[in-house]
Trainee: 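Sending over a structure as structure tokens; questions will come in a sec.
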Amino acid sequence: MNEKVAIVTGSTMGIGLSIAKQLSEDGFKVAVTGLTQESANEIAQTIPNSKGYELHVENKQQVFDVVHQVVTDLGRLDVIVNNAGITKEVTVADMSEAEFNQLWNVNVKGVLFGMQAAAEQFKQQQSKGKIINAASIGAYSVAEKHAGYSATKFAVRSLTQGAAKEFGADNITVNAYCPGYVMTPMMENILNQYAKQNGTTVEEEIARGSQRIALQRPASPQDISNLVSFLASDKADYVTGQAYVVDGGVIYK
């Protein structure tokens, strides 16, 4: 596997960073992407066999350009993990057009453009390829004040299923991972907000959230990257069109 190459979008922190590290351990050369070249380079320096790239996934031309540059730099492409995403806590009634557009542009268009660019490259190489998209348990169940976010993740499920059907004849698999409650910097910020609103501590908020989980704990980013490691491997060659829930037992699909 030493010659295989993977791109992980949004991989300078949280789940994306964990995925990039795991794929490097699995033997991939990894393209780390971030919102600035500096942040991408900084993380790439900590991950063996990796290189950093600036990427704003809502910019289609930039996505295609980065895929081409990765192939130029690292030799080929075998896996793309369309991990980059954002969330907003806002009611349907209060959601502005700008807020919804930002969610849609990053979470949906970013996945679409990544799939298009990767599939084009896989076909040019005449090789099998793996596309792995970031969805969420929000793609199955909508939380209060997260309808806009969930709308984008439902869309990612739809794109994943449709692309799996379209690309299967070219030996390209397309799957998604659907994390639940994961302890990332983004989640820590949310918990801090909840703690201030409720007059509690972050630890109390974690304990309360864990009560809904069968395994009685939030996920670590590594719990998610373990699944992605499988989906990126040859062991998953006959798996496509699936959106796997990784939530410790919250929703059952």
Side-chain angles (χ1 to χ4, degrees), residues 1-87 105-107 109-111 113-122 124-125 127 129-134 175-177 179 182-189 219-234:
M1 189 180 287
N2 289 333
E3 297 304 313
K4 288 190 175 182
V5 175
I7 296 173
V8 184
T9 69
S11 47
T12 58
M13 66 176 66
I15 294 171
L17 174 57
S18 180
I19 291 170
K21 289 180 176 179
Q22 182 61 57
L23 293 182
S24 174
E25 290 179 12
D26 292 343
F28 283 88
K29 297 177 183 177
V30 179
V32 172
T33 81
L35 295 178
T36 67
Q37 187 65 53
E38 182 181 11
S39 65
N41 287 344
E42 182 178 353
I43 294 301
Q45 289 172 4
T46 70
I47 301 175
N49 298 317
S50 69
K51 186 174 176 62
Y53 299 85
E54 179 178 339
L55 178 61
H56 297 256
V57 295
E58 65 270 33
N59 184 321
K60 181 175 181 178
Q61 187 60 54
Q62 194 175 121
V63 173
F64 275 73
D65 288 346
V66 166
V67 168
H68 294 157
Q69 190 60 51
V70 168
V71 173
T72 298
D73 294 341
L74 303 181
R76 58 181 293 113
L77 181 64
D78 299 278
V79 173
I80 188 167
V81 183
N82 294 307
N83 172 78
I86 60 172
T87 187
N105 289 341
V106 176
N107 294 356
K109 288 184 178 179
V111 168
F113 299 154
M115 292 198 299
Q116 290 173 330
E120 179 180 271
Q121 179 60 36
F122 297 147
Q124 288 178 357
Q125 292 173 177
S127 68
K130 296 181 184 295
I131 297 171
I132 306 170
N133 299 325
N175 294 289
Y177 52 100
V182 187
M183 290 305 299
T184 63
M186 182 185 297
M187 179 57 70
E188 289 171 6
N189 289 335
S220 70
Q222 185 64 50
D223 290 318
I224 314 306
S225 57
N226 288 339
L227 172 63
V228 175
S229 174
F230 165 70
L231 293 175
S233 75
D234 293 341

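If you're wondering where the values come from, they're calculated on a predicted model, not measured in any experiment. The residues of the chain are indexed from 1 along the displayed sequence.
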Trainee: Could I get the full list of side-chain hydrogen bond (donor to acceptor under 3.5 Å, both in side chains) partners for Asn107, not counting sequence neighbours?
Mentor: Thr152
Trainee: Kindly say whether Ala40 contributes a backbone atom to a donor-acceptor pair with the side chain of Thr12 at under 3.5 angstrom?
Mentor: no
Trainee: Pairs in or reaching into residues 49-67: which pass salt bridge (Lys or Arg N to Asp or Glu O under 4.0 Å), with residues at least two apart or in two chains?
Mentor: none
Trainee: Taking the side chain as C-beta and beyond, is there a heavy-atom pair between Asp223 and Ser220 under 4.5 Å?
Mentor: yes
Trainee: What pairs with Gln69 under side-chain contact (heavy atoms from CB on, under 4.5 Å), at least two apart in sequence or on another chain?
Mentor: Tyr53, Thr72, Asp73
Trainee: In sequence, state the C-alpha distance, the side-chain angles, and the governing distance for Ser39 and Glu42, and then conclude on side chain to side chain donor-acceptor pair (under 3.5 Å).
Mentor: CA-CA 5 Å; Ser39 65; Glu42 182 178 353; over 6 Å; no
Trainee: Mind checking the CD1-CD1 spacing from Ile7 to Ile131? Nearest 0.5 Å is all I need.
Mentor: 11.0 Å
Trainee: Does Asn226 form a side chain to side chain donor-acceptor pair (under 3.5 Å) with Ser229? I'd like the steps, not just the answer.
Mentor: CA-CA 5 Å; Asn226 288 339; Ser229 174; over 6 Å; no
Trainee: Only counting residues at least two apart or in another chain, list the ones meeting side-chain hydrogen bond (donor to acceptor under 3.5 Å, both in side chains) with Asn133.
Mentor: Asn82, Thr160
Trainee: Side chain of Asp78, backbone of Val5: donor and acceptor closer than 3.5 Å?
Mentor: yes
Trainee: Considering all heavy atoms of both residues, which atom of Ala6 and which atom of Leu23 are nearest to each other, and what is their separation?
Mentor: CB-CD1, 3.8 Å
Trainee: Applying side-chain hydrogen bond (donor to acceptor under 3.5 Å, both in side chains), name anything that partners Gln125, two or more places apart in sequence or on another chain.
Mentor: Gln121, Ser127
Trainee: Tabulate below the donor-acceptor pairs under 3.5 Å that side-chain atoms of residues 182-189 make, not counting sequence neighbours, or state none.
Mentor:
{"residue": "Thr184", "atom": "OG1", "partner": "Met186", "partner atom": "N", "Å": "3.4"}
{"residue": "Thr184", "atom": "OG1", "partner": "Met187", "partner atom": "N", "Å": "3.2"}
{"residue": "Asn189", "atom": "ND2", "partner": "Pro185", "partner atom": "O", "Å": "3.4"}

